[in-house]
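Computed from a prediction, not measured in an experiment: that's the story for all the values here.
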Amino acid sequence: MPQWMEWEIGLLDWIQQSLRGPVLDALLPAITALGNAGAIWIVLGLVLLIPRKRREQGAVILIALAMCGLLGNLVLKPLVARPRPFAWNPEIQLLIDAPKDFSFPSGHSMSSLAAATALFLYDKKLGCAALVLAGIIVFSRLYLYVHFLSDVLMGSLMGVALAFAARWLYRKVRRLMVSRRKRGVKER
């Protein structure tokens with residue numbers, strides 16, 4: 001095992017020895033489940049598409065999540081092919097079913113930070129609440145021994161960046177569509 005990985009395993013072991021207890025053992029698997037396949041964030045994005053004044057927020061969240069899925073799950077995880085921490089420490093008893101895909105980057109972290117950041121860009125109050133939930137989901141991945149610290153940090157950073165990229169893309173496409181409509185009206 002590389003030395004840097006020993007440090008990360010040591011951190012996960014410290015979390016297990018210092019923070020594990022019955023309350024968190026019951027709570028964190030349920031919280032991490034909210035992030036499975038980005039479910040809570042997809043629902044949030046879809047709900048925000050309904051009211052006209054929130055439509056851009058919902059669209060940006062969904063675009064950011066799509067970008068996360070493509071970049072994280074379809075490109076980086078198979079490319080890096082990093083085994084999960086429990087593969088290096090088979091003595092650990094997982095509180096959730098062992099994920100079957102690779103570890104890097106953390107999809108839960110990426111999608112949670114992408115959606116929460118996108119929401120924060122439009123609504124600071126709801127965005128702060130979403131960022132707190134995202135932070136708990138990120139921590140749950142460490143607590144549950146399914147990701148290394150570098151997995152969740154990189155996933156989180158990428159999620160924030162993809163939220164900004166999704167907003168930029170949405171606005172760029174929207175301007176192009178409005179511009180084309182205006183030209184179409186002038187030509188008639």
Side-chain angles (χ1 to χ4, degrees), residues 8 12 27-82 84-85 96 99-177:
E8 290 197 82
L12 297 177
L27 186 62
L28 291 181
I31 288 175
T32 213
L34 294 173
N36 290 351
I40 191 168
W41 309 115
I42 292 169
V43 170
L44 175 65
L46 292 172
V47 167
L48 290 174
L49 288 176
I50 297 168
R52 181 176 222 115
K53 70 177 188 170
R54 298 259 189 187
R55 227 168 255 165
E56 182 175 335
Q57 285 176 286
V60 169
I61 288 170
L62 294 173
I63 292 166
L65 291 173
M67 294 166 84
C68 288
L70 290 171
L71 182 61
N73 292 338
L74 296 179
V75 175
L76 289 175
K77 280 191 184 223
L79 184 66
V80 175
R82 183 182 197 185
R84 291 187 179 264
I96 60 171
K100 306 279 187 252
D101 60 347
F102 293 111
S103 189
F104 182 89
S106 166
H108 279 70
S109 301
M110 190 184 305
S111 62
S112 294
L113 266 294
T117 300
L119 185 58
F120 184 82
L121 293 174
Y122 295 92
D123 184 328
K124 302 296 185 247
K125 189 174 181 179
L126 286 176
C128 283
L131 286 167
V132 168
L133 176 59
I136 296 169
I137 290 173
V138 168
F139 174 73
S140 76
R141 305 308 285 170
L142 298 171
Y143 185 89
L144 297 170
Y145 219 93
V146 294
H147 279 293
F148 293 101
L149 179 62
S150 55
D151 299 335
V152 300
L153 289 177
M154 188 54 77
S156 297
L157 290 172
M158 291 170 63
V160 170
L162 290 174
F164 281 95
R167 183 175 72 166
W168 176 86
L169 180 64
Y170 176 88
R171 290 181 171 176
K172 181 83 169 169
V173 169
R174 189 162 177 227
R175 278 193 299 271
L176 286 171
M177 290 172 58

Checklist line | Atom pair CZ/CG of Arg141 and Leu12 - distance to nearest 0.5 Å | finding: 12.0 Å
Checklist line | Verdict with reasoning, Trp41 to Ile137, per side chain to side chain contact (heavy atoms under 4.5 Å, CB included) | finding: CA-CA 12 Å; Trp41 309 115; Ile137 290 173; 4.1 Å; yes
Check: What closest approach, in Å, do Val60 and Arg167 show between heavy atoms, and which atom pair accounts for it?
Finding: CG1-N, 3.7 Å
Quiz: residues 151-166 side-chain donor-acceptor pairs under 3.5 angstrom, not counting sequence neighbours:
unit_1, atom_1, unit_2, atom_2, d
Asp151, OD1, Arg82, NH1, 2.7
Asp151, OD2, Ser103, OG, 2.2
Asp151, OD2, His147, ND1, 3.4
Asp151, OD2, Phe148, N, 2.8
Ser156, OG, Val152, O, 2.7

Next item on the list: Using the ring of Tyr170 (Phe, Tyr or Trp, six-membered ring only), decide whether Lys172 places NZ or CZ under 6.0 Å from its centre and within 45 degrees of its axis.
Entry: no
Margin query: Could you measure the distance from the CG atom of Leu46 to the CD1 atom of Ile61? Nearest 0.5 Å is fine.
Written below: 10.0 Å
Margin query: Working to the nearest 0.5 angstrom, can you tell me the gap between Leu131 CG and Leu119 CG?
Written below: 8.0 Å
Next item on the list: Would you sort out whether Glu56 and Arg171 count as a salt bridge (charged side-chain N to carboxylate O under 4.0 Å, His left out), showing the intermediate values?
Entry: CA-CA 9 Å; Glu56 182 175 335; Arg171 290 181 171 176; 2.8 Å; yes
Note to self: Main chain of Leu48, side chain of Arg55: is a donor-acceptor contact present, judged purely on distance under 3.5 Å?
What the structure shows: no
Check: Is any side-chain heavy atom of Val146 closer than 4.5 Å to a side-chain heavy atom of Thr32?
Finding: no
Checklist line | Leu121 vs Gln57 side-chain heavy atoms within contact, under 4.5 Å | finding: no
Notebook entry, point to check: Heavy-atom distance under 4.5 Å between the side chains of Ile40 and Leu133, does that happen here?
Noted result: yes
Next item on the list: Apply side chain to side chain contact (heavy atoms under 4.5 Å, CB included) to the pair Val75 and Leu70, showing each step before the final yes or no.
Entry: CA-CA 6 Å; Val75 175; Leu70 290 171; 5.8 Å; no
Check: Shortest non-hydrogen contact from Phe104 to Ser150?
Finding: CE1-O, 3.8 Å
Next item on the list: Mind running side chain to side chain contact (heavy atoms under 4.5 Å, CB included) on Val47 and Val43 for me, showing each step along the way?
Entry: CA-CA 6 Å; Val47 167; Val43 170; 4.2 Å; yes
Item checked: Between CD1 on residue Ile63 and CH2 on residue Trp168, distance to nearest 0.5 Å -> 11.5 Å
Margin query: To the nearest 0.5 Å, what is the distance between CG on Asp101 and CZ on Arg84?
Written below: 4.5 Å
Item checked: Ile31 and Phe139, any side-chain heavy atoms less than 4.5 Å apart -> no
Next item on the list: Of all the heavy-atom pairs spanning Ser111 and Gly38, show the shortest one and how long it is.
Entry: OG-CA, 4.1 Å
Checklist line | Reported CG-to-OG distance for the pair Leu34 and Ser112, which is rounded to 0.5 angstrom | finding: 9.0 Å
